[in-house]
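In what follows, chains carry the letters A, B, and so on, assigned in the order in which the sequence lines appear, proteins first and then strands, with residues in each chain numbered from 1. These numbers were taken from a predicted model, which means no experiment stands behind them.
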Amino acid sequence: MSTTDKVLSRRKFLNRVVLGMGGAAAAVISVPIVAYLLSPLINPAKNVWRDLGPVDSFKVGETIAVAFEDPSPLPWAGETAETAAWLRRVDQTTFTAFAVNCTHLGCPVNWMPGAELFLCPCHGGVYYKDGTVAGGPPPRPLFEHEVRIQDDHVQIMTRGLQVG
Amino acid sequence: MSRTRRAYEWLDRRLGISTVIRPIIEHPVPRSVNWWYVFGSATLIIFVVQVVTGVALAFSYVPSPLSAYASLEFITNDATLGHIVRGIHYWGASAMIVLVTIHAARVFLTGSFKYPREMNWLTGVMLLVLTLGMGFTGQLLRWDQDAYWAVVVAAEQVGRVPLIGGILVQLVVAGRTIGGATLTRFYAVHVFLIPSLMFTLIGVHLYLVIHHGISEPPTPGELVDPDTYEEHYEEILKKDGVPFWPDAVWRDAVFALAVGAIVLGLAIIYGPKELGQQADPTIIQAFPRPDWYFLWLFALLALSPPSFENILIVGLPILSIVVLVAVPFLAPDGERSPRRRPWAIAIVGIGALAIVLLIREGQLAPWSPDLNPGPIPANVTAGLTTSQQEGAVIFQQHGCINCHTLAGVGGKRGPELTTVGERLSNEQIVWRVLNGATNMPAYNTTLTPDQVTQLADFLTAMNGESAPGGTPQTSGTR
């Protein structure tokens with residue numbers, strides 16, 4: 001074995017040590033960074049019940065927009081601390097709440113009280129008052145929130161942005 | 001030796017100006033390089049303008065939902081010449097998207113992506129995608145209603161990815177709903193992440209331009225052969241090469257100055273994009289529209305059949321990138337001249353036409369209902385019976401007018417009904433109202449039988465002659 005071979009193998013060794021150490025250092029420092037960036041997945045906010053007001057403040061047969069606070073909004077969330085939903089009082093004891101997002105691509109559907117339809121301003125999705133699709137591209141009915149009556153108050157369960 | 005000369009020599013020996021830098025900027029380029037070669041450098045200059053104006057805007061912009069909108073109002077209305085700075089950044093974004101697209105089309109048409117410049121093309125493809133990413137994340141920072149709903153629509157599209165869609169949505173909006181963490185995420189991507197990637201890639205892109213030299217304008221019949229190309233290119237430079245600086249750069253300078261003047265002019269005359277209503281999820285009456293450079297996608301998603309949509313939303317971006325990446329591998333050598341590559345001209349021509357037509361459709365958005373139509377013109381209802389007039393009120397109040405144009409008022413989602421009485425009988429109209437159609441709701445539960453009769457009577461009267469002076473109009477009012 002010649003001296004050159006020995007020198008080369010020493011260089012090979014150093015080469016591997018440098019690259020290996022660099023790689024290991026990058027991997028170690030990536031752990032906290034990646035975990036931090038994934039924290040919305042690792043530590044998601046839990047859905048909670050939000051009060052919408054006394055049952056009597058809603059008329060039977062009417063569909064109105066309600067706003068309620070997201071679960072644990074950040075202090076700097078401003079207006080986006082809240083979410084809206086369409087609340088319909090079906091009869092004395094039944095309420096239905098629809099997410100405002102069109103099931104096509106998420107645009108806000110508008111309630112047309114005369115027509116008793118939800119119309120989407122983006123791609124023209126149309127829904128009946130019960131949330132079923134009446135026309136346009138939406139692949140499924142409007143998403144619903146859970147609603148309950150507690151101590152004569154209507155309460156709504158928050159929910160995340162739903163995808164079709 | 002003069003003082004300046006001495007200072008220059010002191011610097012030169014330390015910076016390597018004459019040994020390293022001058023040879024680079026004076027590297028020889030083919031004399032035949034022409035006006036088609038100015039788009040890349042103009043894109044670079046506009047990128048620099050975007051960086052400078054962006055940094056300036058960041059001096060005042062507050063990336064929190066609580067204050068972003070107010071800080072933009074401050075920049076636009078109160079800060080000295082703030083609206084010009086925002087205007088340059090806004091029009092510069094448009095200019096950059098236009099220029100980078102033309103640059104890519106030119107490189108494709110002249111076959112400049114072929115051997116040995118495949119990596120120039122690939123880094124360019126990445127820069128094109130990142131430029132669009134800058135456009136998307138930038139429009140969100142306005143944090144008005146359009147911005148808010150653009151995040152929602154983007155998240156919904158990401159959500160269509162099979163299996164991991166839900167996870168991706170949470171990563172895009174930083175949680176389950178759009179809130180305090182969402183805007184900072186897009187801010188960090190727009191201001192740090194994508195620009196740092198772009199700086200790196202532009203560096204590589206420019207290095208490659210210097211390394212391989214500017215491609216010579218193609219001559220029909222002169223084929224690229226990887227075995228002999230470098231030799232051939234060297235010969236061109238030896239025979240008829242001119243230094244890039246200043247023999248070629250003057251065209252780049254003239255064109256970039258013209259582009260800069262246009263951007264500045266637009267910023268002064270039109271100012272930045274108007275701020276919409278502040279982002280507020282509880283204000284549902286919104287009409288979200290993307291900035292013009294994404295209107296084609298908005299239109300495509302409205303016009304595609306629903307069954308095809310998932311494939312389109314997830315597949316189209318992936319397919320576009322795969323096709324762009326594949327280009328230099330599919331045609332790495334051979335003919336470069338567009339005159340001998342008619343399909344290349346066809347692809348660019350059809351692509352450009354499709355984008356322009358889709359953007360136009362996206363602006364008109366005939367598929368969107370008109371949520372605030374005006375009243376039916378009085379001359380339409382004049383002279384009608386009481387029942388027919390009741391029908392007109394129903395037409396107005398029960399959503400018909402939101403999708404159907406009547407005498408120039410109303411939406412364009414459904415067929416125009418100005419002269420529906422000529423096409424359909426009263427029975428046919430009743431049937432349609434009760435049962436609806438593919439894209440029309442059925443009104444059998446919303447309207448009483450009397451109302452259906454009144455509505456049908458009204459529409460039957462719309463036969464183009466009943467209304468005195470009621471000349472049917474064909475165009476809408478929007």
Side-chain angles (χ1 to χ4, degrees), chain A residues 37-41 44-45 47 65-68 70-84 86 100-117 119-124 126-129 133-139 158-164, chain B residues 64-68 148-149 152-153 155-160 165-167 169-171 173-183 278-288 298 301-302 306 309 367-369 371 396-400 402-403 413 436-443 445-446:
Chain A
L37 290 176
L38 293 181
S39 68
L41 285 180
N47 284 318
V66 290
F68 50 91
D70 289 335
S72 60
L74 294 168
W76 58 89
E79 315 282 351
T80 58
E82 293 205 322
T83 299
W86 289 110
V100 296
N101 305 98
C102 182
T103 57
H104 178 224
L105 286 174
C107 287
V109 295
N110 285 254
W111 172 246
M112 314 299 284
E116 300 205 306
L117 295 168
L119 295 187
C120 179
C122 284
H123 298 111
V126 187
Y127 304 83
Y128 292 112
K129 62 184 173 187
V133 179
T158 61
R159 66 175 305 159
L161 192 61
Q162 284 294 319
V163 286
Chain B
S64 108
L66 196 60
S67 315
Y148 177 87
W149 291 106
V152 175
V153 171
E156 294 279 340
Q157 292 189 48
V158 167
R160 299 287 183 103
I167 292 175
V169 170
Q170 291 194 43
L171 285 178
V173 305
R176 292 214 166 128
T177 52
I178 290 170
T182 315
L183 180 56
Q278 180 172 7
D280 186 343
T282 63
I283 296 173
I284 302 164
Q285 285 72 27
F287 304 90
F298 170 73
L301 293 174
E309 202 165 66
W367 52 81
S368 294
L371 295 182
Q396 183 91 45
Q397 289 181 350
H398 288 258
C400 312
N402 299 106
C403 290
R413 182 85 171 104
T438 320
N439 278 322
M440 177 181 158
Y443 278 86
T445 55
T446 358

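- Neither the backbone nor the side chain of Ala81(A) comes within less than 4.5 Å of any heavy atom of chain B.
- No donor-acceptor distance shorter than 3.5 angstrom exists from the side chain of Arg176(B) to the backbone of Pro44(A), with no hydrogens or angles considered.
- At a threshold of 4.5 Å between non-hydrogen side-chain atoms, the residues Ile284(B) and Trp86(A) count as touching.
- Val109(A) touches chain B through its backbone: at least one of N, CA, C or O sits under 4.5 Å from a heavy atom, while the side chain does not.
- Under a 3.5 Å cut-off, the side chain of Asn439(B) and the backbone N or O of Gly136(A) do form a donor-acceptor pair.
- What you find for Pro139(A) and Arg160(B) is that their closest heavy atoms are CG-NH2, 4.4 Å.
- Between Pro281(B) and Pro108(A) there is no side-chain heavy-atom pair separated by less than 4.5 Å.
- Listed here is the closest heavy atom pair of Pro121(A) and Leu371(B): CB-CD1, 3.9 Å.
- The contact between Phe298(B) and chain A is made by backbone and side chain atoms together, counting heavy-atom distances below 4.5 Å.
- Remark: side-chain polar atoms of Trp367(B) are paired, donor with acceptor, to backbone N or O of Cys122(A) under 3.5 angstrom.
- Using modelled atom types, no side-chain atom of Tyr443(B) and backbone atom of Ala115(A) make a donor-acceptor pair closer than 3.5 Å.
- Panel note: side chain Ser368(B), backbone Gly124(A); no donor-acceptor pair is recorded below 3.5 Å.
- Top candidate by heavy-atom pairs under 4.5 Å with chain A, chosen from Ala442(B), Cys400(B), Gly399(B), is Ala442(B).
- In terms of modelled atom types and a separation under 3.5 Å, the side chain of Trp76(A) and the main chain of Gly180(B) share a donor-acceptor contact.
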